Amino acid sequence: MRPSPPPDPPALDVRSELASAVREVLAAWGVADRVEVPVEPSARPEFGDLSTPAALRCAPVLRRAPLQIAGELREGLAARHLPFVREWTVSPPGYVNCRLDDAVWAPAVIGQALALDPAVPLRPLADPAPAGRTLVEHTATNPNKAAHVGHLRNACIGDSVARILRRAGEEVEVQNYIDDTGVQVADVAVGMRHLGLEAEPGEPFDHFCSRVYVEVGRRYEAEPSLLELRARTLREVEAGGNDTARFVKDLAGRVVDRHLATMGRFGIGYDLLTWESDIIALGFWQRAFELLRYSGAIVLAAGGRHAGCWVMPAGGETGDDEDAKVLVKSDGVATYTAKDIAYQLWKFGLLGRDFHYRRWHPEDPASPATTTSGEGTLPAAGFGRAHRVINVIDARQAYPQQVVKQGLARTGHPDEAERSVHLAYEVVALSPPAAAALGVDVEDGKNIYAFSGRRGIEVRADDLLDRAMERVAGKAADPDTAARLAAGAIRYYLQKFSLNQVIAFDFDEALRVSGDSGVYLMYSHARAAGILRRVAPPTEPLRVPGLEPVERALLHALDGYRHALAEAGRGLSPSTLCTYAFGLASALTDFYEHTEAIVREPDPVRRDFRRSLVAATRATLADCLSCLGMAAPDRV
RNA sequence: GCCCCCGUAGCUCAGUGGAUAGAGCAGAGGUUUCCUAAACCUUGUGCGCAGGUUCGAUUCCUGCCGGGGGUACCA
């Protein structure tokens with residue numbers, strides 16, 4: 001007869017339950033709606049397992065001493081007889097702490113981790129369900145050159161934000177916007193058609209384009225008359241229906257294919273490719289122009305430096321304004337920002353028009369991506385129509401993004417403007433050693449050196465990944481594992497900084513395989529998986545032995561997962577989850593290093609408990625890594 | 001000039017209106033008959049400066065200093 005599996009432990013989110021209990025006491029005091037009630041792991045084990053500073057927060061409202069309030073809060077909580085709490089204490093300056101009943105708490109935490117299911121949304125019990133669809137735009141790399149690590153930071157942030165929100169149960173649609181009618185792609189077209197540059201044998205197309213882009217920049221400086229070629233190219237692209245427009249569209253498409261391949265190596269993909277040329281061809285801008293014009297959001301500047309341009313006044317007033325943003329140039333051509341307003345209106349379903357759609361590579365079943373099109377073959381698939389829009393765009397574009405948001409507000413959609421988020425992140429620049437390695441003169445002693453695609457000063461995403469693969473190849477089990485470790489290492493490096501921190505890119509840091517690195521996280525997962533391979537799973541319901549401090553710490557780390565995920569989602573902050581993941585991996589390592597090997601554990605209760613603890617950690621780490629777009633390998 | 005971001009240990013960065021501010025790296029020393037050493041242990045008088053709000057400020061406000069970015073008929 002086969003042993004029956006252990007029964008499911010009770011679903012119990014201890015922190016949320018505790019927060020509810022505190023809130024109830026505060027409600028009885030009539031202050032619940034005026035005080036935030038955080039419940040957090042105790043700062044030090046001697047205080048207890050969980051603590052709340054609720055009494056401290058009440059002090060200003062109740063105008064009484066925090067410690068006294070804490071005593072009354074403790075009484076109120078103790079009277080509720082929560083089954084998972086063994087003891088309540090108060091400590092200065094006014095914390096209320098509790099010690100949990102391990103026999104109830106530990107199985108609940110482990111049970112929840114083992115029950116993690118990607119198909120079941122994960123969020124704290126107290127958090128409300130999401131309101132509607134969220135549209136995330138990210139990557140949006142100009143299709144005229146190879147993607148560098150700055151573009152990769154954008155894509156990693158956007159992809160992880162999408163993953164984090166999806167994990168919490170939100171409906172998320174990811175779009176990659178292709179600026180195929182801009183100056184940058186026009187420059188490369190000029191280079192290819194008029195300067196006679198040729199790709200080298202075996203050179204990837206986007207790398208070739210990068211080279212052309214640099215060379216064209218040099219030629220413009222030497223022969224300013226060439227700039228007329230650029231202007232003519234732009235006009236023809238804007239008009240459409242001519243050889244130049246077709247040439248540029250084809251050029252952009254081939255570069256986009258390279259970008260998709262590069263991002264694919266990092267596990268990054270898109271639901272929809274949106275093309276600026278389609279926004280033009282389908283009259284999106286004309287429609288947006290009407291909306292803006294008739295709502296008075298834009299005006300035709302009669303004089304001043306913007307004479308003859310349609311502008312959005314900076315202050316919201318009409319009339320000439322030197323700080324106004326030009327949306328239609330005096331030659332009648334719409335600026336990038338203007339088309340972005342049209343796109344943004346469409347994203348919320350406010351434009352009254354839609355794209356056509358088709359498969360991006362209809363001949364390739366393995367490539368299911370959808371693209372907008374001027375003359376599509378797919379039925380309208382319900383893209384856009386978002387409740388919330390998140391645009392992942394670097395911080396330098398804060399001003400034009402503000403104009404886009406104003407475009408919504410001033411056409412009568414203040415709520416949508418409110419739900420239109422510019423997720424700004426600071427740029428990736430070069431640390432002095434990295435800059436020197438790329439041939440930049442660093443004699444001036446600056447802290448950071450800017451990338452410059454125009455001058456060829458950049459670190460290409462593909463090249464960095466290749467280097468990372470070389471770095472791990474010697475120790476990795478096989479090439480596939482090496483590729484996953486390398487991609488994960490780079491993703492972690494680009495995600496772990498908070499968004500408003502400039503990354504001074506450094507090769508040693510990006511390729512690090514030890515310490516606070518992606519490789520360490522993936523290695524920790526593999527280590528847990530290795531233990532699970534060597535120890536038979538339990539056959540009895542979980543029983544809890546006396547807990548070691550490292551076990552208690554690991555349980556707390558596990559218990560924090562859904563809260564870390566929720567916080568990362570609220571703050572649209574992958575770095576928050578990175579910090580959590582490193583803490584969890586470190587807690588596992590601490591447990592691993594400071595307890596006896598489970599394979600040799602003679603006591604079946606303790607062996608089963610510890611194996612379950614490792615299994616719970618492996619499951620949580622895997623879930624967390626997946627939200628960060630990183631692999632969770634069973635072996636490295 | 002105006003606006004935004006940053007300033008925490010030698011370096012790179014977390015962090016929070018509260019309980020003794022944490023990691024990684026670099027340096028020094030140590031750990032392997034033991035589930036993966038891509039690991040662990042030991043070693044540290046740091047919140048730019050000055051005011052203000054507060055019972056309590058590294059966290060919030062103001063001013064200053066230093067660094068980066070924006071302020072295009074580029075994106």
Side-chain angles (χ1 to χ4, degrees), chain A residues 38 40 42-44 46-47 51 53 56-57 59-60 65-67 91-95 97 140 142 179 182-184 276 301 305-311 314 323 325-337 339-340 393-400 402 424-427 429 431 446-448 450 471-472 474-477 485 489 496-504 506 508-509 512-524 526-535 575-576 578-579 582-583 586 589-590 592-601 610-611 614 635-636:
Chain A
E40 55 211 27
S42 302
R44 301 154 58 75
E46 53 267 36
F47 294 135
S51 301
L56 291 161
R57 306 294 163 82
L67 211 50
S91 60
Y95 283 95
N97 319 296
N142 262 302
D179 177 14
V183 172
Q184 294 201 12
E276 189 176 19
R305 62 176 176 147
H306 297 141
C309 301
W310 286 90
V311 302
D323 293 330
K325 176 65 185 172
V326 172
L327 295 184
V328 181
K329 301 184 264 188
S330 54
D331 64 0
V333 176
T335 61
Y336 178 93
T337 303
K339 295 166 217 167
D340 215 8
I393 301 174
D394 77 62
R396 293 175 303 190
Q397 295 192 45
Y399 173 54
Q402 192 58 34
Y425 63 95
E426 284 289 347
V427 296
S431 68
K446 295 203 292 191
N447 294 329
I448 53 170
R471 175 73 71 97
V472 300
K475 291 185 74 172
L485 289 175
K496 73 174 184 173
F497 295 90
S498 56
L499 297 181
N500 44 18
Q501 194 73 246
V502 174
I503 297 180
D506 184 90
D508 289 338
E509 290 296 326
R512 184 169 297 289
V513 299
S514 63
D516 183 10
S517 68
V519 171
Y520 174 67
L521 299 188
M522 292 181 280
Y523 173 75
S524 298
R527 172 180 263 175
I531 294 171
L532 298 179
R533 277 196 299 275
R534 283 166 179 75
V535 183
S575 69
T576 300
C578 287
T579 302
F582 180 62
S586 300
T589 301
D590 209 18
Y592 175 87
E593 293 283 348
H594 300 108
T595 55
E596 281 299 309
I598 302 171
V599 285
R600 289 201 309 277
E601 175 60 55
R610 288 190 168 160
R611 192 205 187 265
V614 170
R635 289 183 167 82
V636 298

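Side-chain atoms are counted along with the backbone in the values below, which use heavy atoms only and exclude waters and symmetry mates. Residue numbers start from 1 in every chain, and the chains themselves are labelled A, B, ... in the order their sequence lines are given, proteins ahead of strands. What you see is a predicted model; the values in this text were computed from it and never measured.
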Next on the checklist: If I take atom OG1 from residue A:Thr589 and atom CZ from residue A:Phe582, how far apart are they, to the nearest 0.5 angstrom?
Outcome noted: 8.5 Å
Item to check | Sugar-phosphate only, base, or nothing, as touched by A:Val519 at under 4.0 Å among non-hydrogen atoms | outcome: base
Item to check | Under-4.0 Å side-chain N/O to phosphate OP1/OP2 contact, A:Asn447 with B:G67 | outcome: no
Next on the checklist: Using 0.5 Å steps for rounding, measure from the SG atom of A:Cys309 to the NZ atom of A:Lys325.
Outcome noted: 11.0 Å
Next on the checklist: For a quick check of understanding: with a heavy-atom distance under 4.0 Å over all strands, which category does A:Tyr523 fall into, base, sugar-phosphate or nothing?
Outcome noted: base
Can you pull every protein N or O that's under 3.5 Å from an N or O on nucleotides 43-46 of chain B?
none

Checklist outcome for this item: Taking B:A19, B:A37, B:C5 as options, the one with an atom nearest any side-chain atom of A:Pro93 is B:A19
Item to check | Between B:C73 (P) and A:Tyr336 (OH): distance, integer Å | outcome: 17 Å
Next on the checklist: From CG of A:Leu327 over to P of B:C74, roughly how many Å is that when rounded to an integer?
Outcome noted: 12 Å
Next on the checklist: Once you apply a heavy-atom cut-off of 4.0 Å, does A:Ser91 come out as touching a base, just sugar-phosphate, or nothing?
Outcome noted: base
Next on the checklist: Side-chain N or O of A:Tyr520 versus OP1/OP2 of B:U36: is the shortest distance under 4.0 Å?
Outcome noted: no
Item to check | Phosphate contact (B:A37 OP1 or OP2) by A:Tyr592 side-chain N/O below 4.0 Å | outcome: yes
Item to check | Nearest-0.5 Å distance, CD1 of residue A:Ile598 to CZ of residue A:Arg600 | outcome: 11.0 Å
Checklist entry - Of all the choices, B:U36, B:C34, B:A75, which nucleotide is nearest to the side chain of A:Thr335 once you look at every atom? => result B:A75
Checklist entry - Stacking here means centres under 5.5 Å and planes under 30°; does A:Phe47 stack on B:A19? => result yes
Next on the checklist: It should be established whether A:Arg611 places a side-chain nitrogen or oxygen under 4.0 Å from OP1 or OP2 of nucleotide B:C35.
Outcome noted: no
Next on the checklist: For a quick check of understanding: with a heavy-atom distance under 4.0 Å over all strands, which category does A:Ser524 fall into, base, sugar-phosphate or nothing?
Outcome noted: nothing
Checklist entry - Once you round it to whole Å, what is the distance between P of B:C73 and CZ of A:Arg305? => result 6 Å
Checklist entry - When the C1' atoms of B:G46 and B:G51 are considered, how many whole Å apart are they? => result 23 Å
Checklist entry - If the C1' atom of B:G67 is compared with that of B:U8, how far apart are they to the nearest Å? => result 16 Å
Item to check | Integer angstrom distance from the C1' of B:G44 to that of B:G24 | outcome: 14 Å
Item to check | Listed nucleotide nearest any side-chain atom of A:Arg396, set B:C34, B:G70, B:A39 | outcome: B:G70
Next on the checklist: Does A:Glu40 reach a base, just sugar-phosphate, or nothing at all? Heavy atoms under 4.0 Å.
Outcome noted: nothing
Checklist outcome for this item: A:Glu426 has its side chain closest, among B:G69, B:C5, B:A38, to B:C5
Next on the checklist: Counting the atoms with a prime plus P, OP1 and OP2 as sugar-phosphate, which does A:Val535 contact under 4.0 Å by heavy atoms, base, sugar-phosphate, or nothing?
Outcome noted: nothing
Next on the checklist: Please report the distance, rounded to the nearest Å, between CG in A:Asp516 and P in B:A23.
Outcome noted: 12 Å
Checklist entry - What does A:Ala476 touch in the nucleic acid at a heavy-atom separation under 4.0 angstrom: a base, only the sugar-phosphate, or nothing? => result base
Checklist entry - Taking the same atom, P, in B:G17 and in B:C61, what whole-Å distance lies between them? => result 12 Å
Next on the checklist: Using a 3.5 Å limit on both distances, find every run of at least three consecutive Watson-Crick or G-U pairs that involves RNA chain B.
Outcome noted: B:1-7 with B:65-71, B:10-13 with B:22-25, B:27-31 with B:39-43, B:48-52 with B:60-64
Item to check | Distance-only donor-acceptor test, A:Ser330 side-chain atoms vs B:C73 base atoms, 3.5 Å | outcome: yes
Checklist entry - Quantified in whole Å, what is the C1' atom distance between nucleotide B:G30 and nucleotide B:G66? => result 41 Å
Next on the checklist: By the 4.0 Å heavy-atom rule, please label A:Arg635 as base, sugar-phosphate, or nothing.
Outcome noted: base
Checklist entry - Got a salt bridge between A:Asp394 and A:Arg396, using NZ or NE/NH1/NH2 to carboxylate O under 4.0 Å? => result yes
Next on the checklist: Could you check whether any side-chain N or O of A:Arg611 sits under 3.5 Å from a backbone N or O of A:Leu532, counting only pairs where one atom can act as donor and the other as acceptor?
Outcome noted: yes
Next on the checklist: Regarding A:Asn97, tell me which of base, sugar-phosphate or nothing describes its non-hydrogen contacts under 4.0 Å with the strands shown.
Outcome noted: base
Checklist entry - Could you give the CG-to-C1' distance, from A:Asp506 to B:G24, as a whole number of Å? => result 13 Å
Next on the checklist: Suppose you measure atom P in B:G70 against the same atom in B:A57; what distance do you get, rounded to whole Å?
Outcome noted: 38 Å
Quick one: which protein N/O atoms are closer than 3.5 Å to N/O atoms of nucleotides 54-57 of chain B? Pair and distance per line, please.
none

Checklist entry - Out of B:C13, B:G68, B:C35, which has the shortest distance to the side chain of A:Phe497? => result B:C13
Checklist entry - Counting any heavy atom closer than 4.0 Å, what does A:Leu485 reach on the DNA or RNA strands: base, sugar-phosphate only, or nothing? => result base
Checklist entry - Do any side-chain nitrogens or oxygens of A:Ser42 fall under 4.0 Å of OP1 or OP2 in B:A19? => result no
Checklist entry - In whole angstroms, how far is the P atom of B:G69 from the CD atom of A:Gln501? => result 15 Å
Next on the checklist: It should be established whether A:Lys329 places a side-chain nitrogen or oxygen under 4.0 Å from OP1 or OP2 of nucleotide B:C74.
Outcome noted: yes
Checklist entry - Taking atom types as they are modelled, is there a donor-acceptor pair under 3.5 Å from the base of B:A19 to the side chain of A:Ser51? => result yes
Checklist entry - Out of curiosity, A:Arg533 CZ to A:Arg635 CZ, how far, rounded to the nearest 0.5 Å? => result 3.5 Å
Checklist entry - What integer distance in Å separates A:Lys496:NZ from B:G24:C1'? => result 6 Å
Checklist outcome for this item: Assert: residue with more 5' nearest nucleotide on RNA chain B, out of A:Thr589 and A:Arg533, is A:Arg533
Checklist entry - Say you draw a straight line from CG of A:Leu67 to CG of A:Leu56; how long is it, rounded to the nearest 0.5 Å? => result 9.0 Å
Next on the checklist: Using side-chain contact (heavy atoms from CB on, under 4.5 Å), reason through A:Cys578 and A:Phe497 one step at a time and then give a plain yes or no.
Outcome noted: CA-CA 9 Å; A:Cys578 287; A:Phe497 295 90; over 6 Å; no
Checklist entry - Which part of the nucleic acid, if any, lies within contact of A:Ala526, taking any heavy atom under 4.0 Å across all strands shown: a base, the sugar-phosphate backbone alone, or nothing? => result base
Next on the checklist: Over all strands shown, is A:Ala334 touching base, sugar-phosphate only, or nothing at heavy-atom distances under 4.0 angstrom?
Outcome noted: nothing
Item to check | Phosphate contact (B:U12 OP1 or OP2) by A:Arg512 side-chain N/O below 4.0 Å | outcome: no
Checklist entry - Within the structure shown, what part of the strands sits under 4.0 Å from A:Val614 by heavy-atom distance: base, sugar-phosphate, or nothing? => result nothing
Item to check | C1' gap between B:C60 and B:G56, integer Å | outcome: 13 Å
Next on the checklist: Taking any heavy-atom pair under 4.0 Å as a contact, classify A:Asp508: base, sugar-phosphate, or nothing.
Outcome noted: nothing
Checklist entry - Once you round it to whole Å, what is the distance between C1' of B:G70 and CD1 of A:Ile393? => result 15 Å
Checklist entry - For A:Tyr95 and B:A19, do the ring centres fall under 5.5 Å apart while the planes stay under 30° apart? => result yes
Checklist entry - Atom OG1 in A:Thr595, atom CG in A:Asp590: separation rounded to 0.5 Å? => result 9.0 Å
Checklist entry - Taking the same atom, C1', in B:A72 and in B:C13, what whole-Å distance lies between them? => result 35 Å
Checklist entry - Do A:Val519 and A:Arg512 touch side chain to side chain, with heavy atoms closer than 4.5 Å? => result no
